Every structure is written in structure tokens, then in C-alpha cells.
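In what follows, a structure is listed as C-alpha cells, so that the remarks can point back to it.
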Amino acid sequence: SKAPMRVAVTGAAGQIGYSLLFRIASGEMLGKDQPVILQLLDLPQAQKAVKGVMMELEDCAFPLLAGMIATDDPNVAFKDADVCLLVGARPRGPGMERADLLTANGAIFTVQGKAIAENAKEDVRVLVVGNPCNTNAYIARAAAIKVGRTNPNNYHGMLRLDHNRALSQLAAKSGREVSSLKKMVVWGNHSPSMYADYRFCESNGDSVKALINDHAWNNDVFLPTVGKRGAAIIEARGLSSAASAANAAIDHVHDWVLGSNDWVTMGVPSDGSYGIPEGVVFGFPCECKGGQFKIIQGLEIDEYSKGKIAITLKELEDERAAVADMLK
Ligand code: NAI
């Protein structure tokens with residue numbers, strides 16, 4: 001049988017953690033033949049709650065769960081990790097400015113990026129879920145690059161929830177099954193500025209854009225619905241979208257490690273593709289094979305799309321500027 005893979009999860013006592021850990025332990029993320037060891041990080045005051053989640057994980061008697069630890073020390077949590085899911089983050093408190101939120105998270109993700117680079121496997125894959133996830137991934141990557149050792153391309157932010165949200169909206173509008181939809185893209189930041197782009201999307205060989213053929217719907221209904229979906233869920237449920245976020249994290253890592261048979265949106269450090277400045281963690285269409293991801297090249301960007309991509313890039317560049325001093 002295979003050697004266990006070590007999966008570190010931060011914010012393990014939180015809402016997303018509660019939807020995520022059981023699915024990782026059951027084999028949904030890394031495969032039904034892949035044992036896992038969970039390395040759970042949370043703040044000191046959350047250690048008791050983490051122990052409670054571990055009790056429940058024990059009570060599932062998952063055959064693939066080969067071990068688990070809980071800690072409040074990032075150096076312990078990331079030791080020899082193959083995959084790090086950075087879910088824990090500082091939420092925006094009452095009266096907190098955006099810049100304060102960025103720097104509070106900057107402090108967390110510089111520490112964690114450094115701890116990953118010093119302790120994890122050299123080929124570790126890192127997915128940041130905690131918001132603002134693109135910029136948090138950018139910060140962790142910058143801190144990791146100072147240490148060396150790990151692969152700078154492997155620090156990702158999570159855009160997959162936006163991608164999946166877009167697929168469901170398109171399925172409902174087009175009357176096609178969600179599983180038939182291929183080649184979806186979400187460009188940019190995980191925020192309402194993201195640009196969900198279905199110009200290339202196909203369903204059983206048909207163009208989804210041609211099927212829908214409604215630019216006003218695209219601009220006035222679809223994009224705002226996908227962009228503001230998180231807020232709509234908080235409004236309806238009284239709590240944020242935890243299960244669907246956990247599901248998207250499972251999808252992202254599953255496809256990265258085991259391959260995708262379709263384009264998938266990943267927030268990855270730009271290599272300059274599509275004019276996005278190098279290093280900016282940006283939602284791109286990617287294809288995964290043999291454990292590697294690749295940005296799909298050569299897509300035509302029309303004037304409308306150029307405008308949308310410029311808006312979401314501007315937001316990311318402003319976030320980057322707000323944390324620049326912390327990365328010196
Ligand atoms: P939550 O508040 O239920 O849990 C967060 C957990 O993180 C808590 O247990 C807290 O103690 C822990 N934590 C805070 N700082 C930490 C640190 N420095 N190290 C380790 N643990 C730490 O929040 P929830 O609902 O689980 O959401 C987590 C994050 O995911 C939030 O930032 C949220 O905005 C984000 N999110 C991202 C989505 C995406 O699509 N990228 C979608 C939905 C949520």
C-alpha cells in the first residue's frame with residue numbers, strides 16, 4: 001500500500017475545517033487508495049475545539065486516516081507536509097479598514113509561508129483559502145521564496161468556488177447538465193471583481209455562449225450573481241459558505257494531484273501570461289496532468305473581457321501595494 005501523505009490544515013477548528021477534514025480523511029481529495037496524516041493548526045484558544053474534531057474523526061474509523069496531530073505551532077503543523085491548506089485567517093472585525101485586514105493577514109501569512117518553506121516537503125502544494133486569499137497566497141509565497149527550498153509556483157489561492165458557482169448558474173440558464181459544461185474560466189481575484197468568462201465554454205460540443213446568447217444577462221445577472229454569491233449565502237444562512245468552500249478546496253487539490261479532464265480555474269502565481277505581471281496570484285484557466293498544472297495559453301481576450309480583467313487586476317495590484325512594506 002502507498003505511504004501516507006501529510007496534509008496540514010490551518011483553521012482546523014473553524015467552519016470550513018469541519019466540512020473539509022472528514023472528506024480528506026475519507027479519501028475524496030487524494031484518492032481512495034491514499035492514506036493521509038492530518039496535521040491540524042489552530043490558535044491556542046481553539047486547541048480544545050480541535051481536539052473535539054479529532055474525537056469525531058476517530059469515531060468515523062476512516063480506513064485511510066493513518067494519523068493526526070493538533071498544534072498551535074506552524075513549524076510542527078507543516079513538518080514534512082505534502083499539502084498545506086491554509087484556511088485560518090483573520091476575519092474583518094467591526095470598523096476594521098481594508099488595509100488593516102490586509103496587514104493583519106500579512107503577519108499571519110509571512111509566518112506561515114516561512115514555516116512551510118523551512119519544514120514542508122520540497123514539492124509541497126499550498127492552497128490558500130483564508131481571505132483575502134490571492135494576496136495571502138502572494139504573501140506566503142514571497143516569504144517562502146526568501147527561504148528557498150520549495151517550489152514558488154506551488155503557492156495557490158482558491159478560485160475554484162467561483163468556478164463551480166459559475167458552472168451551476170450556467171447549467172441552470174442553458175438547461176444543460178452541469179457535468180456537460182467544459183472550459184469555464186474565472187479570471188482574477190477571489191472577490192466580487194472576479195471575471196467569470198464563459199466565452200469558451202462548451203456543452204456536448206455546443207457553444208454555451210451561443211446557447212445563452214444574452215449579453216445583458218451575462219453583464220447584469222450572471223456576473224453579479226457569481227460575484228456576490230458569498231454575501232447572498234451569508235444573508236440566507238446567517239453563516240458563510242463553508243461546505244461549498246471546503247468542496248472547492250477538495251476539487252482544487254484533487255485535480256492538481258490526480259489530474260483534471262477539463263480546464264479548471266486556479267489562483268496561481270502569474271508567469272506573465274495574458275499580460276498579468278509576474279508573481280501576482282491570479283485566477284487563470286489551468287489544465288493538470290501528472291501532478292503538474294499549466295496555464296492554458298493563447299485564448300483571445302476581447303475588448304469587454306480586457307476591461308473586466310483590468311478591473312480585477314487593479315484590485316490585486318492595490319492589495320499588493322498595501323502589503324509591500326511587510327515583504328521587504
Ligand atoms: P471560521 O472563523 O469558522 O474559522 C477560522 C479558524 O481559523 C478559527 O478556528 C480560527 O481560530 C482559526 N485561525 C485564525 N487565525 C489563525 C492562525 N493564524 N493560524 C491558525 N488558525 C487560525 O472561518 P471559516 O468559515 O472556516 O472561514 C475561514 C476563511 O476562509 C475565512 O478567511 C473566509 O473568508 C475564507 N473563505 C474563503 C473562500 C474562498 O472561496 N477562497 C470561501 C469561503 C470562505
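Read the numbers this way: they start at 1 and go in the same order the structure lists the ligands and their atoms. Because the structure is a prediction, the values reported are computed rather than measured.
- One distance of note links CD1 of I250 with CD of E28; it measures 6.0 Å at 0.5 Å rounding.
- Not a single ring pair (Phe, Tyr, Trp, His ring centres under 6.0 Å) links H163 to another residue, sequence neighbours left out.
- Between R160 and the options V186, T265, V264, a side-chain contact (heavy atoms from CB on, under 4.5 Å) holds for only V264.
- Between V208 and E202, every side-chain heavy-atom pair lies at or beyond the 4.5 Å cut-off.
- Taking the six-membered ring for Trp and the full ring otherwise, F222 and Y198 have centroids separated by under 6.0 Å.
- Protein neighbours of ligand 1 below 4.0 Å, counting non-hydrogen atoms: G11, A13, G14, Q15, I16, D42, L43, V87, G88, A89, I108, Q112, V129, G130, N131, C133, M158, L161, H190, S240, S241, A245.
- Relative ring orientation between W187 and F282 is described as tilted, the plane-to-plane angle lying within the 30° to 60° band.
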